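Not measured: the values here are computed from a predicted model. Numbering of ligands and ligand atoms starts at 1, following listing order. One-based numbering along the sequence shown.
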Amino acid sequence: MSVQRRPLIAGNWKMNGLRETAIPLVGELATKMNTAAPTSFDMLVCPPATMIDAVVDVAYETDLAVGGQDCHMAESGAHTGDISAQMLKDLGCSYVIVGHSERRTDHGEMDDVVRAKAEAAQAAGLIAVVCVGETEAERDKGITIDVVAAQIAGSVPPDSNAGNVVVAYEPVWAIGTGRTPTSDEIQDVHAMMRGKILELLGADEAASIHLLYGGSVKPSNAVELMGLADVDGALVGGASLSHDDFWAIAEACS
Ligand code: 13P
């Protein structure tokens, strides 16, 4: 973690959360944020689209940020079932996740689509959380660095800066499995990512853009993972559905 980059702890609720559970969950986090203010970290929750409006209402007047889990690349139009970045902004979101491996796998989204979505997010005034990460087969072949470098080159828009992009490294095989790379492996990938950003966007962006780690982050491993030099926070799935666990992960950044 660096002094220059204030840690960001982001919760990706995925397709979880009905009013009965989602509102108390965000209510607890909002109370904790208010009680702990000023915190030494930023906190973001990304509920399913159906819950964004209600979650924004609860998070109102707290430092808790709200984001979407995906957006369409177009501003509006004939795209049944899709949601535009402008719509997320209109609801009160400040971030949107794009290119999550579950979108890449379930919906066949390739780097060019992810980049177009990130550009749409930036154009709407949102911060795009661009996800990258290798599959287990790619890791076994020893091509993690090449895969992640290519995803960054293909998915991160050329006009990105610390104010409109965050990059999240999520090894696909570590998501929801309880397995993580070693700390050295995570740091090596993050250092390479920062180098790649330097090459693509320049030194100022490389020094200031947040790089999150995601994949089986829990209270028990958060202190070690959040202490790595080029890890500026976490993108948390399962553990973000428990306010106690999510808060404990955030406190690991203090
Ligand atoms: P888990 O924390 O459940 O492994 O999920 C990580 C993730 O996919 C966050 O986007």
What are the atom names and distances for all N or O pairs under 3.5 Å between ligand 1 and the protein?
residue	atom	partner	partner atom	Å
ligand 1	2 (O)	G237	N	2.9
ligand 1	3 (O)	G238	N	2.8
ligand 1	4 (O)	G176	N	2.6
ligand 1	4 (O)	S216	N	2.8
ligand 1	5 (O)	K14	NZ	3.3
ligand 1	8 (O)	K14	NZ	2.7
ligand 1	8 (O)	H100	NE2	2.8
ligand 1	8 (O)	E170	OE1	3.4
ligand 1	10 (O)	N12	ND2	3.0
ligand 1	10 (O)	H100	NE2	2.9
ligand 1	10 (O)	E170	OE1	3.2
ligand 1	10 (O)	E170	OE2	2.9

For this session: Without swapping roles, check the side chain of E205 against the backbone of G202 for a donor-acceptor pair under 3.5 Å.
Result: no

For this session: Consider only side-chain N and O atoms of Q69 and W13, and report whether a donor and an acceptor are under 3.5 Å apart.
Result: no

For this session: Under the side chain to side chain contact (heavy atoms under 4.5 Å, CB included) rule, collect the residues that match up with Q187, sequence neighbours excluded.
Result: A191, L228, A229, D230

Exercise. Salt-bridged, E136 to R179, with N to O below 4.0 Å?
Worked result: yes

Problem set entry | Mutual orientation of the aromatic rings belonging to H190 and Y169 [parallel < 30°, tilted 30-60°, perpendicular > 60°] | perpendicular

Exercise. Taking N161 for the side chain and N164 for the main chain, is one N or O donor matched with an acceptor at less than 3.5 Å?
Worked result: yes

